[in-house]
Amino acid sequence: MTESEKEVYEAEIKRLQTANQNKADLISISAHELRTSLSAVKWLLKMLVDGDFGTLSEGQHSLLERAILSNDRMVSLVNDVLTLNHTDNATIKYDFSELDLVSLVDEVIFDFRSEGFKRGVELVFIKPANQMIVFADQLKLRVVIQNLIENGIKYSEPGKRVSVALSADEKNATLLVKDGGIGIPESEQQNIFNKFFRATNAIKKEMVGSGLGLYTTKQIIEKHGGTIAFESKEGVGTTFTITIPLATSEKPAS
Ligand code: ADP
């Protein structure tokens, strides 16, 4: 490559990087604005449902509960877009530190108890007695655990159970999220980690979804030097398994 060709090439890379950053900024601003509006709507709906403006009939109550659930789904979708916008950007730094995976999973389970309850899905976690220290970006790893538990609940019918288990060997911690939900059709399983992919049975059950959660989850786990896999049977259930190296083994590159 001649000097002048190199200059043109570098200028083009710079132009594309700037365009990409502008796009990411625009997505981020719009998504944050959307989330703020959705929070305001949720707050107003909660006040109505709590009877702050007068007693409601059973019908009115149940309609408002449905509106709150829809609003929650939209928030979850916007959150997916925000996380993807963050993790898809090659310049994003991971902020690694040593943390206890057992406590992190316990916190997420606590956050999802009421969601499970609302949907009639039992959330079970047998908390191990000992800590499991991993070298991780806490916020991003939290997103991974949230995505898997949220999907387990979302893709299960009322009366089913989502079980979460943690174990460790000398090298890795393993997290298992098992549900008795709708499962993933065998012919669609190879696409499950693709951006925007949603299986046909999932679209039928839950109209709203981004198809970004598992794509982002895989990216984050791989950045931690871990692995993600699943086993699923349509109509029977799905088990997702992730492994993350324990902090005593080799640390991932930031
Ligand atoms: P979303 O849930 O927003 O559609 P995800 O990226 O989290 O997006 O998941 C992608 C797809 O993988 C889902 O649409 C669904 O088809 C399938 N899927 C993920 N988790 C489960 C699960 N626990 N049970 C059944 N299908 C699942």
Side-chain angles (χ1 to χ4, degrees), residues 27 31 34-35 38 69-89 105 108-109 111-113 115-125 139-166 174-224 226-243:
I27 291 174
L34 249 174
R35 201 165 58 175
L38 289 167
L69 212 61
S70 266
N71 192 77
D72 284 348
R73 285 196 201 111
M74 286 300 290
V75 172
S76 156
L77 212 136
V78 172
N79 282 340
D80 280 357
V81 172
L82 275 171
T83 314
L84 175 82
N85 200 37
H86 204 61
T87 50
D88 230 13
N89 189 336
V105 170
V108 177
I109 296 270
D111 293 345
F112 275 97
R113 280 228 187 278
E115 176 73 14
F117 183 76
K118 264 192 270 173
R119 288 172 171 263
V121 176
E122 190 190 3
L123 194 51
V124 181
F125 175 48
L139 288 179
K140 296 194 181 69
L141 193 54
R142 178 183 276 272
V143 168
V144 164
I145 303 163
Q146 282 171 347
N147 277 341
L148 297 182
I149 294 179
E150 189 180 17
N151 279 348
I153 296 174
K154 193 162 82 171
Y155 296 118
S156 292
E157 298 299 341
K160 298 289 181 187
R161 169 185 292 179
V162 173
S163 317
V164 180
L166 264 177
T174 301
L175 171 73
L176 237 84
V177 181
K178 178 180 173 161
D179 66 59
I182 61 172
I184 303 163
E186 207 181 328
S187 60
E188 300 182 54
Q189 291 188 2
Q190 79 269 20
N191 301 319
I192 224 66
F193 294 111
N194 293 350
K195 212 191 248 189
F196 303 120
F197 183 80
R198 306 195 67 220
T200 39
N201 61 341
I203 295 170
K204 246 188 246 159
K205 178 165 187 333
E206 291 282 334
M207 295 281 283
V208 183
S210 65
L212 293 174
L214 285 183
Y215 169 81
T216 315
T217 294
K218 188 163 188 276
Q219 274 194 325
I220 297 175
I221 282 300
E222 286 173 355
K223 267 277 187 188
H224 283 78
T227 61
I228 178 161
F230 68 92
E231 267 181 34
S232 186
K233 200 166 167 45
E234 194 173 1
V236 178
T238 306
T239 303
F240 274 93
T241 308
I242 59 171
T243 65

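Counting starts at 1 for both ligands and their atoms, in listed order.
Contacts of Glu188 with ligand 1, taken as heavy-atom pairs under 4.0 Å, are absent altogether. If you look at Leu214 next to ligand 1, the close heavy atoms, those under 4.0 Å, come from the backbone and the side chain alike. Residue-level proximity to ligand 1 for Phe197 is carried by the backbone, the only part with a heavy atom below 4.0 angstrom. With a 4.0 Å heavy-atom cut-off, ligand 1 is reached by the side chain of Asp179 but not by its N, CA, C or O.
Given atom 7 (O) of ligand 1, the protein heavy atom at minimum distance is Asn151 ND2, 2.9 Å. Nearest protein neighbour of atom 15 (C) of ligand 1, counting heavy atoms only, is Ala202 CB, 3.5 Å. When only non-hydrogen protein atoms are considered, atom 16 (O) of ligand 1 lies nearest to Ala199 N, 2.9 Å. Annotation: atom 27 (C) of ligand 1 to nearest protein heavy atom, Tyr155 CD1, 3.7 Å. Of the protein's non-hydrogen atoms, the one nearest atom 4 (O) of ligand 1 is Arg198 NE, 2.6 Å.
Counting atoms of ligand 1 from 1 in the listed order, those under 4.0 Å from a heavy atom of Phe240 are 20 (N). Listed by number with element, the atoms of ligand 1 under 4.0 angstrom from any heavy atom of Leu212 are 6 (O), 8 (O). The contact set between ligand 1 and Lys154, taken as ligand atoms under 4.0 Å from a residue heavy atom, comprises 1 (P), 2 (O), 3 (O). Near Gly209, meaning under 4.0 Å from one of its heavy atoms, ligand 1 places the atoms 3 (O).
Of the options Gly183, Gly181, Ser210, the smallest heavy-atom separation from atom 25 (C) of ligand 1 is shown by Gly183. For atom 26 (N) of ligand 1, the candidate residues are Asn191, Ile184, Ile192; the nearest heavy-atom contact is made by Ile184.
Using a distance-only test at 3.5 Å, with no hydrogens or angles considered, a donor-acceptor pair links the side chain of Thr83 to the main chain of Asn79. Side chain of Asn201 to backbone of Pro185: no donor-acceptor contact under 3.5 angstrom is found. Remark: side-chain polar atoms of Arg119 are not paired, donor with acceptor, to backbone N or O of Ser156 under 3.5 angstrom. Formation of a donor-acceptor pair under 3.5 Å by the Ser210 side chain with backbone atoms of Asp80 is not found in this model. In terms of modelled atom types and a separation under 3.5 Å, the side chain of Gln189 and the main chain of Ile184 share a donor-acceptor contact. Here the side chain of Lys205 pairs a donor or acceptor atom with the backbone of Lys154 at under 3.5 angstrom.
More than 12 heavy atoms of other residues, nucleotides or ligands lie within 6.0 Å of NZ in Lys140, so this atom counts as buried by the packing criterion. Sparse packing is recorded around CD of Glu186, with 12 or fewer heavy atoms of other residues, nucleotides or ligands lying under 6.0 Å away. Within a 6.0 Å radius of CD in Glu231, other residues, nucleotides and ligands contribute 12 heavy atoms or fewer. The environment of NZ in Lys233 is sparse: at most 12 heavy-atom neighbours from other residues, nucleotides or ligands sit within 6.0 Å.
Residue contacts with ligand 1 do not include Glu150, since none of its heavy atoms lies under 4.0 Å from the ligand. By the 4.0 Å heavy-atom criterion, Gly211 is counted among the residues contacting ligand 1. Assignment of Phe230 to the shell around ligand 1 is not supported, since no heavy atom sits closer than 4.0 Å. At a 4.0 Å cut-off, not a single heavy atom of Asn147 sits close enough to ligand 1 to count as contact.
Inclusion of Gly213 in the set of residues having an N or O under 3.5 Å from an N or O of ligand 1 is warranted.
Among Asp111, Asp179, Leu123, the one residue that satisfies the side chain to side chain contact (heavy atoms under 4.5 Å, CB included) test with Ile149 is Leu123.
Between Phe193 and Phe240, the ring-plane angle classifies as perpendicular under the 30° and 60° cut-offs.
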